[in-house]
Every structure is written in structure tokens, then in C-alpha cells.
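Quick notes on the structure that follows.
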Amino acid sequence: MDVHAHFTPPTTEEQRQTAWAAMRELCFLAPRPHHWTVEGALRSMDRTGVEMQLLSAVPQTHDALRSSNDYGAEVVLQHPHRFGLLAALPTDDAHAALAEIARADKAIQPDGWAMSTTYNGVNLSDRALEPVWDELNRRRAAVFVHPDTTKRPELGLPTPLVEVAFDTTRTVVAMLYQGVFRRFPDIRFVLAHCGGALPGLSGRLGLLGTEAWVPAGDQFTAEEIAEQLSRLYLDTAASGTDANLAAALTMVPVDHIVYGGDAGVPCSGDRTLSANITALRNSSVVTPAQADLIGRRALELFPAAAHRSGRRTPVLG
């Protein structure tokens, strides 16, 4: 089960050409326009050995976000054994996010929720989102956190190459110091791309993060920081190599690593998806049995999708 798979509602050729030109202006030199289809996704899944994808997309307007959630639900309805949906939430407005939770829960029954680290300028560490976290905590929800891909490139490098890793890291650290993980411990956060740079910097947080010169640093001990970070889940999207896994395992237990592919976007194709899976299977950091469980770990986090897939949840190991 792949927790990190993107989709795009139907687009026209003109829209695809416009998006392609915009990407190239932002240093993302895609050779052709991107065109996501259900049929293409299924063929890619079959080629790479993925049985089910949990689809997510976070469009930048509220109307587009609701329409995207509805379209994703239609895809799941047509292929319930192959797809699940992580419904996007508009986190620039707590009232709108709560309304979409209620609407989606009633109308489309998603398998979980998806958020961008920053949405229309509002970061997930913003205190205005407290009512949203409270509701998701009450539900013991699984929440997939993806970096903000609308950020402009730095130093001529496309945003998906480097910036996404640091965007996730900045947001999660800010959420930590705002007390989100302390006050809402029943939300199961899944971070894209193995948490970006967070695992590699988690030791630095333990060494420096409680110093007097850090705002709110005196509210934490190094042990509390380590414990709260260890409860996060990390996906393996473009991060199934030993370098990523070794850092991840200094922060979270192996049963908090889940398979993610990052399929459905122009920065990922069958070659990189397959290479990432091969790296995970041939890892010297995790055992073959642990790698197998990583591939099935999401069955525990998303039981409704697991039920549709016909798969039993794995035994923790």
C-alpha cells in the first residue's frame, strides 16, 4: 500500500500546456506536459508491484479542493480494491477545514486526510488551526502532511529536488514548539519524503532545542522532544535509500516507516519508483522482513482501505 500517490482531476490539453510552461519557468525542466489518468496509474502500479494507492492532492482554492476530493472519491468508487483517498483540507481557514471534514465524512468517506505544510500562506503551526487539530485528535485521524510545492525555487534548483525536504522540516519543528504534538497525541501524522531533513536534524534539536535562547525551549526536555518526534510516521517517497533510512531510524522506530512512492507527479516515473523500491528491498539498514512490513505498514493506519484491498494488517515486528 502506497500512502503517497498524487492524482489530478481531468484537464484539457490547453491546461496541461499552460502548467508545463509554468513548471519550466520555475526551473522544473519536464520534457513534456504531465497528464495523469486512472488507466495510466493502474498500469504503473502493476509494473512496480503496488497493490493500492492512497490518492492525495491539495489544490490552492477551496472550490478546486472540494471538487478534487469529490473526483478522488469517484476514482475510489470505481476501483475500490486499488485506490483510497486522503481528502485534502483547506488549512488557511479553520472553519472551512472543519466544514470540509464534516462534508467529506458524510459525502465521500475518505480513508484519511491530506494537508500541505503551508496553504495560501498559512502554516500548519498557526494557532488558528487548534479547532482542526482538536477535531482530528478526537477522531484519532491519520493525517498525511506534504510539503508546499508552490514555493519558488532557490538557486536555480527545482523546488521538488531540495526545498521540499526543508519545508517539511521547518513546519514540523514549528508545530513541535507550538505544542501540537503534545496537545493532540492521538493524531497519527504521516510525513512525506521520510520527513525531509527532520531525521538528520533531530539530534540537533535534542542538543540545542531546550536552550534558553530558543523561544519555548524551556518548555521541553531533550527526552520530550525525542519522544514526540518518535511518534511521527515517515514515508519512503524518493527516500528508500540507506542514507534516508539510517537517519529515519535514529528518530522513529522501524514500525513507524511506511511505504510511499510519490507517484502521479512529473518528478516521479516508473524508473525512479522502481529504483526506490529496489533500494528498500536491498537495504543494509533494515532487514528483508522489515522491508516487507514497511510495504504493508499502512494497512494498520488505514483500516478501511485495508479492508477493501482484502489484505490482513501485518503483525508488528
Would you indicate whether His35, at its atom NE2, is surrounded by more than 12 heavy atoms from other residues, nucleotides or ligands within a distance under 6.0 Å? yes
Atom CD of residue position Glu211 - does it have more than 12 heavy atoms of other residues, nucleotides or ligands inside 6.0 Å? yes
Distance-only donor-acceptor check, side chains Thr117 and Asp148, under 3.5 Å: no
Between Glu13 and Gln17: side-chain donor-acceptor atoms closer than 3.5 Å: yes
Step by step, would you call Phe144 with Leu54 a side-chain contact (heavy atoms from CB on, under 4.5 Å)? CA-CA 10 Å; Phe144 175 63; Leu54 298 181; over 6 Å; no
Under 3.5 Å, sequence neighbours excluded: what are the donor-acceptor pairs made by side chains of residues 173-200?
unit_1, atom_1, unit_2, atom_2, d
Tyr177, OH, Gly209, O, 2.8
Gln178, OE1, Arg127, NH1, 3.3
Arg182, NH2, Gln219, O, 2.7
Arg183, NE, Glu130, OE1, 3.2
Arg183, NH1, Gln178, O, 2.7
Arg183, NH1, Gly179, O, 3.4
Arg183, NH2, Glu130, OE1, 3.0
Arg183, NH2, Glu130, OE2, 2.6
Arg183, NH2, Gln178, O, 3.2
Asp186, OD1, Arg140, NH1, 3.2
Arg188, NE, Arg140, O, 3.3
Arg188, NH2, Arg140, O, 2.7
His193, NE2, Asp262, OD2, 3.2

Heavy-atom side-chain proximity of [X] to [Y] below 4.5 angstrom:
X      : Y      : answer
His146 : Thr168 : no
Thr118 : Leu124 : no
Ser202 : Thr250 : yes
Leu280 : Tyr259 : yes
Thr12  : Arg16  : no
Leu29  : Met23  : no
Val286 : Val254 : yes

Nearest atoms (heavy-atom pairs only) where Ala41 meets Phe83: CB-CZ, 4.1 Å
Step by step, work out the side-chain hydrogen bond (donor to acceptor under 3.5 Å, both in side chains) result for Thr241 and Asn244. CA-CA 5 Å; Thr241 68; Asn244 296 109; 2.7 Å; yes
Strictly below 4.0 Å, N to O, side chains only: are Lys151 and Asp167 in salt-bridge contact? yes
Is a salt bridge present between Asp292 and Arg296, judged by a nitrogen-to-oxygen distance below 4.0 Å? yes
Parallel, tilted or perpendicular: rings of Tyr233 and His256 (30°, 60°): parallel
Please enumerate all residues that pass ring-ring contact (aromatic ring centres under 6.0 Å, His included) together with Tyr119, with sequence neighbours excluded. none
Take Gln78 and Glu74 through the test side-chain hydrogen bond (donor to acceptor under 3.5 Å, both in side chains) and record every step on the way to the result. CA-CA 6 Å; Gln78 294 166 2; Glu74 291 177 14; 5.0 Å; no
Considering only residues two or more places apart or on different chains, which pairs with a residue in residues 56-67 satisfy salt bridge (charged side-chain N to carboxylate O under 4.0 Å, His left out)? Asp63-Arg66
Quick test of your reading: applying salt bridge (charged side-chain N to carboxylate O under 4.0 Å, His left out), list the pairs with at least one residue in residues 38-54, sequence neighbours left out, ordered by first then second residue. Asp46-Arg82, Arg47-Asp270, Glu51-Arg311
The criterion is side-chain contact (heavy atoms from CB on, under 4.5 Å); which residues satisfy it with Ala226, sequence neighbours excluded? none
Donor-acceptor pairs are to be reported for all side-chain atoms of residues 86-99 against protein atoms at under 3.5 Å, with residues two or more places apart or in another chain.
unit_1, atom_1, unit_2, atom_2, d
Asp92, OD1, His62, NE2, 2.8
Asp92, OD2, His62, NE2, 3.3
Asp92, OD2, Asn120, ND2, 3.1
Asp93, OD1, His95, N, 2.9
Asp93, OD1, Ala96, N, 3.1

